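Here the structure is a predicted model, which is why all the values come from computation and not from measurement. All chains are named by letter (A, B, ...) in the order of the sequence lines, taking the proteins before the strands, and each is independently numbered beginning at 1.
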Amino acid sequence: MSSMSSYCISSNRMSRYRVLFAMLVLGGSADSLWAADIVGIVVDRTGSRHQVRDLEIRGSTTLEYYVSGRRRQMQMARIERLHIGGTPQDQEAPVTVTMRTGLVEKGTMIINAGSSLSDDAGSASHVSDRLTGKTNLGPLFLPLTDVQEVLFQHSKDAPLVPDMVSGSIVDERGRRFVLSDIRYRGDDAFRFKQGRKKKRVALRHVSRLEFGDSPGGELRPVTITYQTGRVVQGQVDASTVRLSGEVDHVYRTRTDSAFTGVRSEGGMFGIGLKRVKLVLVKAPAEETDEATETSEGQTQESQTQQD
Amino acid sequence: MNRNVVLRVIVLRLIATAMAAAWLSACASTSGTGGAAYLPPPIAEGKGRLSLQAGGINQLNFYVVDDATGDEVYEDMPRISSRSPSGYDSGAEQNRLTVDLPPGTYTVIVNTDIEDDVVIEDVVVQMGQEIYQTVPVGRFQLHMQGAGPIGSQMPFLIWDWNMSGVLGRGMTSSEVRRFIVPAGRYKVRIENSSSNFDMIKPVEVSFGRITQVIMSSPTQEEPETEQSQQN
């Protein structure tokens, strides 16, 4: 369910300790740090299987697809299996993405956008829709229209990244909402600015986001507290001015649903950056503890009932 | 005969010496203070050099984080916002994508003109050595033809291919202005409701190339035609 809006390249292997340390300090996503050497089995539409290393799609280790009409970018290091349906003639084919966590997402993926009108773009620039990699027989170049399935093979050491985070959001009136699957603009990372510098931090590495007041309301200051205790200051664009060319649903999503989640009592939740005051994210360990306690409690209850 | 031979040898030696001296002086002139603008300076003592290759792009907004400590060790943010009306590219831009760093492992984060950043991890810098790291970004340029009543500076939005969300904003310019984005497919939309101008164009950006996108704006004749029809 989580998405990544960064393109990652890896040139060398790092020790696990260093990777984890960098992950925590950078606030980035662990998945991107393990993006090196993607290995998998590629099955084409004729049924032939290819054992491929250094696997890339459109020259990247990030897979771009759409779920319920929303763009999603996912590191291949987090994917277990990719199935491409449809026919080779399709421009956009249905895909099923199975994560390593077991989560299954169904959506669509552009496999042949080169069929768009060539006179739309003024130059001959062209993005090749193909899967590339290396096999024992040499380099592999396979058009995405010919790919049916990719079975990714991951190292056992590669950490399993949780799909969602939970916590609570407090609005400016002081009301508190307990939520699961908290997202920021549909992403599992929070993006902010420090001057001209743009930064992003995975929500699972954050414990607290506190939004300050700004006179104009365009840029709101935010204090980010990491799970490690580190505190960072930044700014977010909280403007509610409608941009020319922005359609209704995009405008409403931007202004009213910067943070989204699922309420504990059921139902979707969304709040804009104008109204949010505090975001408290539960540490993954806390969630595990609670889940264990809950399951233990349920076991005790069931035992009592049996008695 | 022997004297002639000896003289010839001496003359040849003199000529060779003069040529060698001229060659050495030429070398000295390019590697001395006058040539500092042409050759990269030597790598600083105890450091290694990291050069980013961005396919002809000389300046990027990027910062470097030391993986061992998590500290930002270098930052260069020369490019102003893509939505700023005063932004333009200059042919006199110097390459600012080279940085000398202490030996270590680094992460390079390149900010583009849209929300998506390019993150290059595990960049290993070794003492006294220069490494080249490719940054998969490309550029596109928007040409407004017949800007006429709506002007040459117009804000536009950069969307993903399916137009499910806005990835970034920009401003057209009468000057040369190129927008840097990760290589991939996008769509650009310009809307001006007062002049009924609304255009969406697909943009394919690839590494090392500049994609030209041509937008034809409404001419001044069209409103007159409408007026005459109304009359």
- Under 4.5 Å from a heavy atom of chain A, the part of B:Glu72 involved: side chain

- Looking at residues at least two apart in the chain, or sitting in another chain, which of them share a side chain to side chain donor-acceptor pair (under 3.5 Å) with A:Thr240? none

- Do A:Gln194 side-chain atoms and A:Gln233 backbone N/O form a donor-acceptor pair below 3.5 Å? yes

- Would B:Glu115 and A:Arg200 pass as an ion pair if we require N to O under 4.0 Å? no

- Highest number of heavy-atom pairs under 4.5 Å with chain B: which of A:Gly69, A:Gly245, A:Ser244? A:Gly245

- Can you list every pair that meets salt bridge (Lys or Arg N to Asp or Glu O under 4.0 Å) and has a residue in residues 42-64 of chain B, with sequence neighbours left out? B:Arg49-B:Asp100

- Counting only heavy atoms closer than 4.5 Å, note whether A:Arg196 contacts chain B via side chain, backbone, both or neither. both

- Message: As a quick check of understanding, evaluate side chain to side chain donor-acceptor pair (under 3.5 Å) for B:Asp117 and B:Asn111, giving each step before the final call.
- Response: CA-CA 5 Å; B:Asp117 297 331; B:Asn111 288 159; 3.1 Å; yes

- Message: Tell me whether the NZ or CZ atom of A:Arg71 lies within the 45° cone about the ring axis of A:Tyr66 and under 6.0 Å from its centre.
- Response: no

- Task: Check whether NZ of the Lys or CZ of the Arg A:Arg230 lies under 6.0 Å from the centre of the six-membered ring of A:Tyr226 and within 45 degrees of that ring's axis.
- Result: yes

- Query: For B:Ile200, is it the side chain, the backbone, both, or neither that has a heavy atom closer than 4.5 Å to a heavy atom of chain A?
  - Reply: neither

- Could you look at A:Glu92 and say if it's the side chain, the backbone, both or neither that has a heavy atom under 4.5 Å from chain B? side chain

- Item | For chain A, the option from B:Leu157, B:Asp198, B:Asn61 that forms the most heavy-atom pairs under 4.5 Å | B:Leu157

- Message: With a strict 4.5 Å heavy-atom criterion, list every residue of residues 125-132 of chain B that contacts chain A, or say none.
- Response: none

- Query: Considering only heavy atoms, which portion of B:Arg79 lies under 4.5 Å from any heavy atom of chain A: side chain, backbone, both, or neither?
  - Reply: backbone

- Residues at least two apart in sequence or cross-chain that pass salt bridge (Lys or Arg N to Asp or Glu O under 4.0 Å) with A:Arg53, listed by chain then number, are none

- Message: Using the side chain to side chain contact (heavy atoms under 4.5 Å, CB included) definition, which of the options B:Val108, B:Val135, B:Leu60 pairs with B:Val118?
- Response: B:Val135

